[in-house]
Amino acid sequence: MKTAVIYARYSSDSQTEQSIDGQLRVCQEYARTHDIIILNTYIDRAMTGTNDNRPDFQRMIKESSRREWNYVIVYKFDRFSRNKYETAMHKKTLKDNGTKVVSATEFVPDTPEGIIFESMLEGYAEYYSAELSQKIRRGNNESRRKGNLTGGRVPYGYKNENKKAVIVPEQAEVVRFIYTQYAQGVFVKDIIAELTSKGILYYGKRFVTNTVYKILKNERYSGIYRYNNEVFDNIYPQIVSSETFEKVRKKISANKYGKKSEEITYLLKDKMICGYCGKSIVGENGTARNGERRYYYKCRGRKANITDCHKQAMRKEVLENIVLDCILQELNSLQRITEIINGLMFEQERQAKSDTVLNLLLREQRSIESAIQNIMVAIEKGVITNTTTKRLKELESKQEDLEKQILIEKSKSIVMLSENDIREFYLQALRLEPKMLINSLVKQIILFDDKIQIQFNSPIKLSPDDENRRGFTISTKVIKFAYKVPHRRELAKFEFTIEIYI
């Protein structure tokens, strides 16, 4: 008695494949004609045949070791596989288990010529698959060039309307809030806590760390979409500015390096680049011969052999002391304190006028008011059901919660810090939290072997005279010091020129 199982499959990318029912019907007819008893059926839905990563296919191959059936019947050989190497490998496994693959629609004689013919059919199936993939890629690329979506789930903040990515305003505000907060140095956990406290959800669920980082790393929010080394700037409307995205990208990248030890803080790691190759200066650590742990700043280009940079590594405490002393002296100057406080006052007023969270809450409030109005119109027309009544209660409850949250946000904006409050805060931060001020006020530190350039952000709108001065050295200091060169015994003497830019 001859026994068999049926294997059926269809691909998600092909709309011309026979349905599973059709494949089963033809295979069952073949079995009846050849007096074969069907013992089992294995089916993979929406699975490509270009690889063997298919659950039921793998189960069938594994269970063939029981030697309970003689044949695997497929509608066509390409249902089994479209990869010649995997086809040969799995057919060999089945053959060793006393099983042969047969096609219900392709007759292959049991002769040497039949072996060649079967191989030809398998080769054609692989060729067809490769050609189909190429056509799909060409078509998708053409669609992308026209600014169309080509499938897949669009990121949070967008929706698909007629194959076009359209911004969802409420979600886009959340995305901007996340980017703005992270760019200002707010920790991800604190961003999540703020969103959660406002009842802002991610597709009905609370935001989590991975979700926030996924948003922060998605270049589509800056209007750029990359596919196969090709850049498309006409598919996703820009939600965050290119400048903000790049700033966030650099912060994430900087945090990726220099984290060899959680208890060690590299104060300058996300602000410093190599003056020779332009790569970031990252944290590095090692163990001296006496077992002492030592920490350095090192050019990432040289460390990872990305470039042939010759920049020497520098001891962490030496470099930080030099730079911090210089920065703190600059920030302590009367002129700089006045500029920064004026800038903070201006920023406080600007933030009060454009509160992101408050805008989100007000927008949601308007949306709920509109929904309630629509239900009231329906009720006035006599459309009263349990569903409309329940929905009205839900909206009214949500409206009450929103009103409370809006009052809280508005009360925050009412409390404006005075100039004296800001001055006291700034001076305390200068003493206790220099890292925070470096993140906010230092734009970039360019490190050479004999020179350090420190570029400050301008905290206020510059006057015409100041504008003419921008980019020129406004302070120059020469510092001489000596320290032990890493991996050497001698002391090296260095003379550093500190250049302050604004």
> Could you work out, with ring-ring contact (aromatic ring centres under 6.0 Å, His included) as the rule, every residue matching Tyr203, not counting sequence neighbours?
Tyr156
> Who pairs with Glu243 by side-chain hydrogen bond (donor to acceptor under 3.5 Å, both in side chains), at least two apart in sequence or on another chain?
none
> Hey, does the side chain of Asn160 reach the backbone of Val154 with a donor-acceptor pair shorter than 3.5 angstrom?
no
> Got a donor-acceptor contact below 3.5 angstrom from the Ser222 side chain to the Glu219 backbone?
yes
> Does Glu369 come within less than 4.0 Å of Arg366, counting only side-chain N to carboxylate O?
no
> Side chain to side chain donor-acceptor pair (under 3.5 Å) with Glu320: which of Tyr266, Tyr295, Tyr297?
Tyr297
> Under the salt bridge (charged side-chain N to carboxylate O under 4.0 Å, His left out) test, which residues partner Asp56, sequence neighbours left out?
Arg59
> What residues, two or more places apart in sequence or in another chain, satisfy salt bridge (charged side-chain N to carboxylate O under 4.0 Å, His left out) together with Glu246?
Arg249
> Tell me every residue that passes ring-ring contact (aromatic ring centres under 6.0 Å, His included) with Tyr158, counting only those two or more places apart in sequence or in another chain.
Tyr221, Tyr236
> State whether Tyr296 and Lys298 meet the cation-pi test: NZ (Lys) or CZ (Arg) under 6.0 Å from the six-membered ring centroid, and within 45° of the perpendicular axis.
no
> Looking at Arg9, is its backbone amide N or carbonyl O close enough to the side chain of Arg79 to form a donor-acceptor pair, meaning the two atoms are under 3.5 Å apart?
yes
> Under the ring-ring contact (aromatic ring centres under 6.0 Å, His included) test, which residues partner Tyr42, sequence neighbours left out?
none
